[in-house]
Amino acid sequence: MNMIELLTELAVMPLIAFTIGLFMVLMMRKIAAKIQRRVGPPLLQPLYDIVKLYAKKTQNSHGLVHDIGIIMAVGGYIAAETMLPVPGMNGIAAKSGLLALAYVIMIPSLGLALGVGQCANPNGSIGIARALTAMLAYDVPFVIIIFGASWFYGSNNLIDIVAHQQAGGIATWGAAKMPVLAIAALFSMYAMLGKQPFEIYVAPAEIATGPMVEMGGKYLGGLFVMQCFQLFTASAIYVTMFLGGGENWPFFLVKLFAIIAIPMSMAFVFPRYRTEDVLAVVWRWPVLLGLAGVWLVMH
Amino acid sequence: MTSLDLLLILSGLTTLAGFAFGNHRAYPWLAGIVLTAQIVILASMPLPMAAGFGFEMFGHPVGWQMDGFGRFFALITLGAALASVAYTGGEWGERYAAGGKNLRWLHGALAGNVLAMLLLLASGDLIAFFIGWELTSWAGFLLMAQGGERALRAAMRYVPYAMAGAMAVLGGLVLSLTWTGTLDLSQLVMLVPGLANWKLALLLALFGTGFAIKMGLLPVHLWQTPAYAEAPGAATAFLGAISSRMGLFGFGLLLVKLITLTRLADLSFIDGLFSARDLIEWVAALTIVLPTFTALKQNDARYLLAWHGIGQSGYMLLGLVIGDATGSAGGLLHVFNHATYQAALVLSVFAVMHRTGTADLNSMGGLVTRMPLTFLVMLLGIIGLAGLPPMNGFVSKWLIYRSLMIEGRPLLFLMTVLGTLGTILSVYKLIHNTFLGQLRAEHEQIREAPWSMLVPMLALVALAFVTGVAPGLALNYVNEAQAALGLPVMAHTLGGVESPRGSLDMLWIVGVLFAGFGIGALLFYGAGGRSKRIHQLDNYAGGHFLSADVRYQYSDHFYAGLMHRIGPLYRGSFTQMEAALASANDLLASLMQAWYRQAVPALTLLIATVLGLAWMIWR
Amino acid sequence: MSTLKNIPVVSHEKPSGGTGNLLANVFDELMAFCRSRSLFMLHYCTGCGAIELPPAMTSRFDMERLGIQPMVTPRQADILLVTGYVSTKTLKRIILTYEQMNSPKYVIGICSCTVNGGMYWQSYATAKKLNDYLPVDMYIAGCMPRPEAVIHGLRELMENIKKGESDNWRDYYRRYDHYLGNQQRLFGENWQTPTDIIGEARHYDLMGPETLGPHTALLEQHQTPLKPFEMTLGLADLPVRKDEPR
Ligand code: SF4
């Protein structure tokens, strides 16, 4: 592959991810609306929100770190998208791999945490403390699953993993070969998305949306963008590990949206857990399933 | 005179100079130049390099020889010393001296530590090793004891540990002499693996205890936190960066070189199920997790970092014991990486202390506007400590994870990741409570740390960043160390590892990451409206009017929800165990005392006399 | 006394309206459209009127289909809904909240009580006309207005925003002295919020003829200065603390 082709991919992949993410946000809000028997937002609502937020006339900054936090939150995901293979494009997936990707997507969260910290608002700090606790909760099953998957495929390289699954159609998909791990992964991804009942760090009525408490204008807009990326990334990682990755765009999109739709159709009927209960639930079921899955894969 | 001689002589001279006129303004410059020269000499030294001197003891030749393994550690030692001396050289040292403390002792002890470590790292036989070991322990004690009363108490706590460790090492030395008839390392390498299993187990237990104590492995880690945390600034950085790695150096010699990892796996406790190798791996894994989560509960920045120092040493040992090319490279690389960011972190904490007078995480906040460069140092430092890209801590941990994946060790892998996650939580608390949040009214007037302190800190994080982007630079030395230990050597590129089963190219990852940040910045500054800085009191409080006299900051009991769940698991078992051992010891001592001095002094005297006479007659 | 003329339903210069720069006009139209279709709302539930908001938000009337959704803190919000009588003590919080919101921002007074005091007209403890203290963009009268009325009001506001007519937030900057004067008369001359309206007006070039005046001069006398902490190396400009620990 020549350099120009690679650079184009690096530029296009985040854009695609963002666009898909926008529609995922829309789908999420539509699902919530349908469950509550509402009409829900119009098609371009997520875009309107972001444009409006970026275009606010006055914006409040609590200092340079506040700004840098948002830049890191968006920029980190832009970088992460180039490590996730999509149909026809591999970006730098071969140079980073699953494990590195799992750590690169912590960079945006770290950026956000810094930015929120600089806001000097205790609600925000509590939110971050809870978000990090939630991360501690869902990452434990998540890394078990990463371990199982990369042991099974004998590789850490996402391109290999996709090729391995596409070799024999659905029968060689990760979900068919390691169903237990696939279920555990779905559970831990659900927790990762931070929707009810796992939305301990947003908790609007309790800590005033936690990390977002002092975010307005383009700061909040940046977080909305980040959410689009986050939805896409979580879903794409899952599809890559368990659902055969992307053989072509239509199938890939169906899989991506389906994976987000599953937890979202459950989320909006739940209230919220307490922090310690999130830990208890996530450290019990997905971890046990994950360990069982790893055992099955290794024996 | 060989270049190793030169290296040691220079170190000796610096030590003397330190004790003689360490308080002189020129000393830091002198020491800095000498240390730089030493680094150059060491780096350009052909290996293995024997010392030109030596002597005989009990008929055994005692000599020094530097190999790739020793050089790797020695380079880090000299680098850490350089940073510490530079940090102490300016305003920090002046205030230290003005506070009535003795700068000569500090500089002398620091240089003495370097000398002792170099002697240890270059030892060619077990006697030289033991001499180096003892010198390191006592030099370490000297350095720990400099920080005032609390430091002295902490250092005194180290003494029984150090003595027990020394006894154990000495015991191991005597046993290996008895069983093999030699103390020369090059001969021991051939003879020791042939010993019977129980002999190896005994050697492992004796040497292992000594090394574990120095390294702060569970369960003999308790001395380390207060001893390191209470030492004066630069000393803490030096100790935290490299001092306890001497234990790891010992483990490298013992486990990999002498006993060898294959023999280690033969020493099984439950037939074929759990071997000594598994035991060490699990001790290392627990050393990663438990101290990390203890760090999470600390409210003093120095203690927090010291606990993490213990936790990170688990990664190094684990990597070394897994013993494949990737894992051992990760373990060894982590020694270097940890030294860079840990020293920077400790120095930044002391820079904050220099200005605010406190390291209490509940009485700071918002300092980023006042000490932005120190913030930058701490930020890069914590990214390294947490093991996230783009800093070097990520690379070494990645290698360790990767080798655990290849070797198929899911539970150990889980433990390492758990340690990393715990570290992320804990370091966020560190940086948040120090630099983020609300600036206290009494800190509104403070300034950035002086350049004499900033330069070494910035240099250290720069090093940590550069070796994170281009880990190949450091991996060259790691390969040498692997070769010297007889481990498989990991092939590497400048950006990391290239392998069909999953490669890592940090050059690309970091490049793309920063390109991402660039686009993020473009979006933020270009597409978004102009922003205006606002005062920290212009803040959401549910409509409440904030004022400077009321603290609006969340710092204490930072992870309350998490502690609800895991809080009951902190039982202080190790502290209790230490206390139990100490009181058992006391009891024994007082019984003995009572026996010979109070209860039956006459009888004791009589027995002693009779025995003494009998011995003399029998001779 | 107040006449209708005093209620500033002002339409100031439309930004770059009709200056011929087509691209800029299209861009402004687009922004105005997005603004009108995405309204985050902060409901300051001071009075009885709040009870009519849940039906307006939930299944029956579903505000979200108009792009309106509730938000939690002033920073995130575009609309400040004041839903009923405003006592003096509450008004302070409302003003603070309003000032913390990011412009463009809109105030909606729901209920007759916000229009003229309503049935609390005689009360010593309530502010009568919200418009004296904040630039209200839309009143939804009624005691209390039905959700249909609320939705209707919101649609009107959306129309106004799309047409660029609803920019009373500029008025708050341009005539800050007037609003501040009314606030001072009510709260006493020591009144101040931790926000910096004048600084903002300067920063964003929103100053008007009446931004500064006798009332802001009075404010400056009392105000404890709230200059944001600029990031500084402090090598020259900050003195070392006298009590810096030795
Ligand atoms: S107008 Fe009527 S319903 Fe509304 S706040 Fe006043 S009294 Fe209550």
Side-chain angles (χ1 to χ4, degrees), chain A residues 10 54-63 65 67 70-72 74-76 78-79 82 92 95-97 99-100 103-104 106-107 110 113 117-118 120-122 125-126 129-130 132-133 136 139-140 143-144 147 150-151 154-157 208 213-214 217-218 221-222 275-276 279-280 294 298, chain B residues 366 368-369 379 383 387-389 394 398 401-402 405 408 410 413-414 417-418 421-422 424-425 428 431-432 436-438 501-505 508-509 512-513 515-521 523-524 527-534 536 538-540 542 552-554 558-562 564-565:
Chain A
L10 295 189
Y54 269 88
K56 277 271 188 185
K57 176 78 178 169
T58 67
Q59 316 241 12
N60 295 331
S61 161
H62 274 282
V65 179
D67 302 359
I70 301 300
I71 292 171
M72 275 174 81
V74 175
I78 291 179
T82 63
I92 60 161
K95 298 181 171 68
S96 49
L99 197 51
Y103 282 87
V104 168
M106 287 185 192
I107 295 284
L110 177 74
Q118 164 100 81
N121 193 308
S125 303
I126 294 172
R130 290 187 183 185
L132 289 173
T133 309
L136 180 64
D139 261 2
V140 169
V143 298
I144 296 176
F147 182 94
S150 69
W151 173 264
S155 174
N156 185 36
N157 184 342
V213 62
E214 274 294 302
K218 58 180 173 180
T275 311
E276 57 264 38
L279 289 165
V294 168
M298 293 182 75
Chain B
V368 59
T369 51
L379 175 63
I383 296 178
L388 298 180
F394 170 69
W398 186 91
Y401 304 142
R402 191 70 198 113
M405 277 182 165
F413 177 76
L414 182 58
V417 177
L418 204 56
L421 295 174
I424 294 176
L425 263 67
Y428 179 70
I431 200 164
H432 173 273
L436 304 176
Q438 194 191 32
R501 305 177 79 190
S503 33
L504 179 76
D505 193 337
W508 271 100
I509 294 183
V512 167
L513 196 61
F517 290 163
I519 299 172
L523 269 178
F524 185 81
R530 206 148 66 99
S531 65
K532 178 178 183 299
R533 293 279 150 82
I534 52 175
Q536 61 180 8
D538 178 2
N539 216 320
Y540 172 74
Y552 196 52
Q553 166 88 329
Y554 179 66
F558 202 74
Y559 294 106
L562 178 64
H564 268 295
R565 175 61 46 202

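The sequence lines fix the lettering, A, B, ..., with proteins before strands; numbering per chain opens at 1. When reading the values below, keep in mind they use all heavy atoms of this one structure, side chains included, and skip hydrogens, waters and symmetry mates.
With a 4.5 angstrom heavy-atom cutoff, Val104(A) touches chain B via backbone and side-chain atoms both. Contact of Ser96(A) with chain B is made through backbone and side chain together, with heavy-atom distances under 4.5 Å. Both the backbone and the side chain of Gln118(A) come within contact range of chain B, judged by heavy atoms closer than 4.5 Å. In this structure, chain B has a heavy atom under 4.5 Å from the side chain of Met298(A), while its backbone stays farther away. For Ile92(A), the part lying under 4.5 angstrom from a heavy atom of chain B is the side chain only. For Gln536(B), the parts lying under 4.5 angstrom from a heavy atom of chain A are both the backbone and the side chain. Contact of Ile383(B) with chain A is made through the side chain alone, with heavy-atom distances under 4.5 Å. Proximity to chain B involves both the backbone and the side chain of Leu136(A), based on heavy atoms less than 4.5 angstrom apart. In this structure, the portion of Val294(A) lying under 4.5 Å from any heavy atom of chain B is its side chain and not its backbone. In this structure, the portion of Arg530(B) lying under 4.5 Å from any heavy atom of chain A is its backbone and not its side chain. Contacts of Ala515(B) with chain A are absent, with no heavy-atom separation under 4.5 Å from either backbone or side chain.
For chain A, the option among Arg402(B), Gln553(B), His432(B) with the highest count of heavy-atom pairs below 4.5 Å is Arg402(B). The most heavy-atom pairs under 4.5 Å with chain A, out of Gly518(B), Gly520(B), Gly542(B), come from Gly520(B). The candidate with the highest count of non-hydrogen atom pairs below 4.5 Å against chain B, out of Thr133(A), Thr58(A), Val74(A), Leu10(A), is Thr133(A). Listed options Ile431(B), Ile519(B), Leu425(B) were ranked by heavy-atom pairs under 4.5 angstrom with chain A; first place goes to Leu425(B). In terms of non-hydrogen atom pairs under 4.5 Å with chain B, the most contact-rich of Gly217(A), Gly154(A), Gly221(A), Ala208(A) is Gly154(A). The greatest number of non-hydrogen atom pairs below 4.5 Å with chain A, out of Leu388(B), Leu418(B), Asp505(B), Ile534(B), is found for Ile534(B). Chain A forms the most heavy-atom pairs under 4.5 Å with one residue out of Phe524(B), Phe517(B), Tyr552(B), Phe394(B), and that residue is Phe524(B). Note: Ile126(A) leads Ile126(A), Asp139(A), Val213(A), Ile107(A) in heavy-atom pairs under 4.5 Å with chain B. Of the residues considered (Ala280(A), Ala113(A), Gly76(A)), Ala113(A) shows the highest number of contacts with chain B, using heavy-atom pairs under 4.5 Å. Contact tally against chain B (heavy-atom pairs below 4.5 Å) for Ile78(A), Leu99(A), Asn60(A), Asn157(A): the top residue is Leu99(A). Contact count versus chain A (heavy atoms, under 4.5 Å) is highest, among Phe413(B), Tyr554(B), Trp398(B), Tyr559(B), for Tyr554(B).
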Residue pair Thr275(A), Leu562(B): steps toward the side chain to side chain contact (heavy atoms under 4.5 Å, CB included) verdict: CA-CA 7 Å; Thr275(A) 311; Leu562(B) 178 64; 5.8 Å; no
Would Phe147(A) and Met405(B) satisfy side chain to side chain contact (heavy atoms under 4.5 Å, CB included), going step by step from the backbone distance to the final call? CA-CA 6 Å; Phe147(A) 182 94; Met405(B) 277 182 165; 3.8 Å; yes
Leu132(A) and Ile424(B): side chain to side chain contact (heavy atoms under 4.5 Å, CB included), yes or no, with the steps? CA-CA 8 Å; Leu132(A) 289 173; Ile424(B) 294 176; 4.2 Å; yes
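The aromatic rings of Tyr401(B) and Tyr103(A) sit parallel, their planes meeting at an angle under 30°, below the 60° perpendicular limit.
Residues Arg565(B) and Glu276(A) approach most closely at NE-O, 3.2 Å, considering heavy atoms. Taking each heavy atom of Leu513(B) and Ala79(A) in turn, the nearest pair found is CA-CB, 3.5 Å. Between Ala129(A) and Phe558(B) the shortest heavy-atom distance is CB-O, 3.4 Å.
One finds the OH atom of Tyr540(B) at 8.5 Å from the CG atom of Asn121(A) (value rounded to the nearest 0.5 Å). Interatomic distance, Ser125(A) OG to Gln438(B) CD, rounded to the nearest 0.5 Å: 10.5 Å. Here NE2 of His62(A) is found 12.5 Å from OG1 of Thr369(B). Values are rounded to the nearest 0.5 Å. Rounded to the nearest 0.5 angstrom, Leu421(B) CG and Met106(A) CE are separated by 5.0 Å.
Considering only heavy atoms from C-beta on, Asp538(B) stays 4.5 Å or farther from Glu214(A) through its side chain.
With Asn539(B) contributing its side chain and Ala120(A) its backbone, the two residues share a donor-acceptor pair below 3.5 Å.
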